[in-house]
*Asks:* 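Mind having a look at this structure? Questions to follow.
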Protein chains: 2
Amino acid sequence: MRLESGAVSARSSTDASRVIPEATVARLPVYLRALTALADSGIRTCSSEDLASAAGVNSAKLRKDLSYLGSYGTRGVGYDVDYLRYQIAREIGVTQDWPVVIVGIGNLGHALANFSGFRSRGFRIVALLDADPELVGQTVAGVQVQPFDALEETVRTHDVAIGVIATPAVAAQDVADRMVAIGITSILNFAPSVLAVPEGVDVRKVDLSIELQILAYHEQRKANDAVAAAAVPVTVDGGAS
Amino acid sequence: MRLESGAVSARSSTDASRVIPEATVARLPVYLRALTALADSGIRTCSSEDLASAAGVNSAKLRKDLSYLGSYGTRGVGYDVDYLRYQIAREIGVTQDWPVVIVGIGNLGHALANFSGFRSRGFRIVALLDADPELVGQTVAGVQVQPFDALEETVRTHDVAIGVIATPAVAAQDVADRMVAIGITSILNFAPSVLAVPEGVDVRKVDLSIELQILAYHEQRKANDAVAAAAVPVTVDGGAS
DNA sequence: ATCTGTGAACGCTTTCACAGCA
DNA sequence: TGCTGTGAAAGCGTTCACAGAT
């Protein structure tokens with residue numbers, strides 16, 4: 001993955017110009033979950049309207065998103081739930097399990113290791129690692145915690161491509177560097193720090209306090225607006241000057 | 001918050017047309033954290049370039065984002081770290097603490113309750129609640145777990161506006177309904193389910209398996225591209241058939 | 001000379017509205 | 001008739017490039 005060395009036109013395997021917009025990619029897992037829920041309640045066919053409302057989006061967006069994958073519906077009828085579910089799972093790449101390692105087995109690491117939706121959604125935890133000798137050897141969610149140095153061995157053995165960082169912020173960059181050096185190319189970072197990684201490595205971050213602060217901003221705005229609305233008696237058609 | 005009843009022009013308190021784009025709002029907490037890190041290492045002034053790289057964005061975006069808040073920098077010089085930090089904190093609304101309740105004290109709820117960055121970033125956990133009688137009465141992170149029915153009392157007493165849902169998926173909608181009924185207007189949802197809430201209530205969701213699936217998609221694409229690149233010997237300037 | 005603040009251009013995402021197929 | 005699939009339009013967000021302040 002050198003940086004733009006001149007338009008290598010390697011168009012991918014299956015068929016045509018397979019470029020799915022990022023915004024769509026981020027919603028495919030939501031559709032997958034909604035389809036699974038529909039299938040579990042015995043529904044075999046659904047309209048874009050049905051699926052959209054189960055996924056919490058509007059139907060135009062859903063149809064547009066699905067159109068990037070291909071034409072998997074039937075006009076006048078709708079979508080076959082199982083068929084569409086398979087197509088989306090295949091597109092995402094979760095028809096088989098991805099091996100995953102988790103580094104940092106504190107409170108959060110524990111919770112992640114015990115998270116059951118993991119296994120059922122295309123992932124398999126192959127190792128838990130921590131630098132703290134106190135934790136090493138303990139069994140969490142049926143897996144023995146290994147020393148951090150065992151990372152390379154584990155990653156090679158299981159051909160791991162995805163790593164999860166659940167360490168304190170100070171350790172996160174070191175862990176990421178190590179992961180990258182060993183060949184991990186996708187990182188999910190729960191530590192509250194900005195990770196620097198080379199081109200070609202994907203990082204996604206999950207940050208509790210950022211999410212709360214975004215809510216706080218809107219909450220404050222609601223409060224301010226309420227005050228303003230009470231102070232200025234409501235003027236429909238908002239008077240000029 | 002009636003649905004669009006005719007352009008009420010309640011422009012907010014402080015000054016002009018205060019409309020900060022959503023994308024910017026989502027980055028302000030990142031800037032706040034980066035500024036705190038800079039301040040902690042004794043830096044008193046920084047350029048947009050410095051702050052941008054600490055926050056992991058480019059400087060044009062940073063400057064554009066800050067321009068929505070006002071003109072808090074000095075041309076030819078840069079930004080005063082403490083001053084800018086205060087302005088952003090004020091804008092987000094975290095100059096004082098927001099009281100927060102957490103519902104669902106399983107593995108994840110435990111981890112959230114113990115998360116220290118909480119307190120230091122503008123939030124204060126005022127209650128932990130769970131429907132499981134086994135958990136009620138236990139002390140987690142110095143707070144006693146209360147029965148779920150204590151929600152209303154707690155929310156009124158502490159004037160809580162923000163609730164965190166860390167229950168299993170099946171319970172999430174019920175919890176959300178209850179929160180909304182009691183007057184909570186911002187929800188952070190960790191349960192893997194789509195929440196339906198009325199207009200005026202903000203929901204943000206954090207979903208581990210969705211994040212992993214997004215990574216899996218890109219991982220799969222990298223793998224496919226590598227195969228394609230190996231099969232088709234690289235043609236610079238991709239020859240038109 | 002330097003670095004911020006910002007109009008303007010560009011590109012991505014969403015929504016609209018309807019053609020096309022069952 | 002009913003519902004999908006999709007061009008075209010509208011709306012956002014990012015980047016460019018430079019005017020303007022110190």
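Lettering follows sequence order; numbering is per chain, from 1.
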*Asks:* Could you tell me which residues satisfy side-chain hydrogen bond (donor to acceptor under 3.5 Å, both in side chains) with A/R178, sequence neighbours excluded, listed by chain and number?
*Replies:*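 Result, side-chain hydrogen bond (donor to acceptor under 3.5 Å, both in side chains) vs A/R178: none returned.
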
*Asks:* Do any pairs count as a ring-ring contact (aromatic ring centres under 6.0 Å, His included) and have a residue in residues 55-78 of chain B, sequence neighbours left out, and if so which ones?
*Replies:*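 Matches after skipping sequence neighbours: B/Y72-B/Y83.
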
*Asks:* If only side-chain N and O atoms of B/Y68 are considered, is one of them under 4.0 Å from the OP1 or OP2 phosphate oxygen of D/dG13?
*Replies:*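 False: B/Y68 side-chain N/O out of range (4.0 Å or more) of D/dG13 OP1/OP2.
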
*Asks:* Can you pull out the residues from residues 45-61 of chain A that lie within a 4.0 Å heavy-atom distance of DNA chain D?
*Replies:* A/S47, A/S48

*Asks:* Please list all pairs meeting side chain to side chain donor-acceptor pair (under 3.5 Å) that have one or both residues in residues 163-175 of chain B, counting only residues at least two apart or in different chains.
*Replies:* B/Q173-B/D177

*Asks:* In chain order, what residues pass the side-chain hydrogen bond (donor to acceptor under 3.5 Å, both in side chains) check against B/D202, with sequence neighbours excluded?
*Replies:*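 Partners of B/D202 under the side-chain hydrogen bond (donor to acceptor under 3.5 Å, both in side chains) test: A/K222.
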
*Asks:* Enumerate the ring-ring contact (aromatic ring centres under 6.0 Å, His included) contacts for residues 29-64 of chain A, please, sequence neighbours excluded, ordered by first and then second residue.
*Replies:*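 Checked against ring-ring contact (aromatic ring centres under 6.0 Å, His included) - neighbours excluded - no pair reaches residues 29-64 of chain A.
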
*Asks:* Do the side chain of B/Q213 and the main chain of A/R121 share a donor and acceptor less than 3.5 angstrom apart?
*Replies:* yes

*Asks:* Would you say that more than 12 heavy atoms from the other residues, nucleotides or ligands in this model lie under 6.0 Å from the CD of B/Q96, or not?
*Replies:*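 Check fails, neighbour count at 12 or below.
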
*Asks:* Tell me which residues in residues 24-36 of chain B lie within less than 4.0 Å of DNA chain D, going by non-hydrogen atoms.
*Replies:*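 Heavy-atom cutoff 4.0 Å gives B/R27.
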
*Asks:* Could I get the full list of side-chain contact (heavy atoms from CB on, under 4.5 Å) partners for A/R44, not counting sequence neighbours?
*Replies:*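 Once residues adjacent in sequence are excluded, A/R44 has no partner under the side-chain contact (heavy atoms from CB on, under 4.5 Å) criterion.
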
*Asks:* Using a heavy-atom cut-off of 4.0 Å to chain B, what are the terminal contacting nucleotides of DNA chain C, in 5' to 3' order?
*Replies:* C/dT2 to C/dA8

*Asks:* Once you round it to whole Å, what is the distance between P of D/dG13 and NZ of B/K64?
*Replies:* 12 Å

*Asks:* Any protein N or O atoms within reach of nucleotides 19-22 of chain D? Criterion: under 3.5 Å, listing atom names and distances.
*Replies:*
residue: D/dG20; atom: N3; partner: B/R75; partner atom: NH1; Å: 3.2
residue: D/dA21; atom: O4'; partner: B/R75; partner atom: NE; Å: 3.4
residue: D/dT22; atom: O4'; partner: B/R75; partner atom: O; Å: 3.4

*Asks:* Per the ring-ring contact (aromatic ring centres under 6.0 Å, His included) rule, what does the pair list look like for residues 190-221 of chain A, sequence neighbours excluded?
*Replies:* none

*Asks:* Which residues satisfy the side-chain contact (heavy atoms from CB on, under 4.5 Å) test with A/A37, sequence neighbours excluded?
*Replies:* none

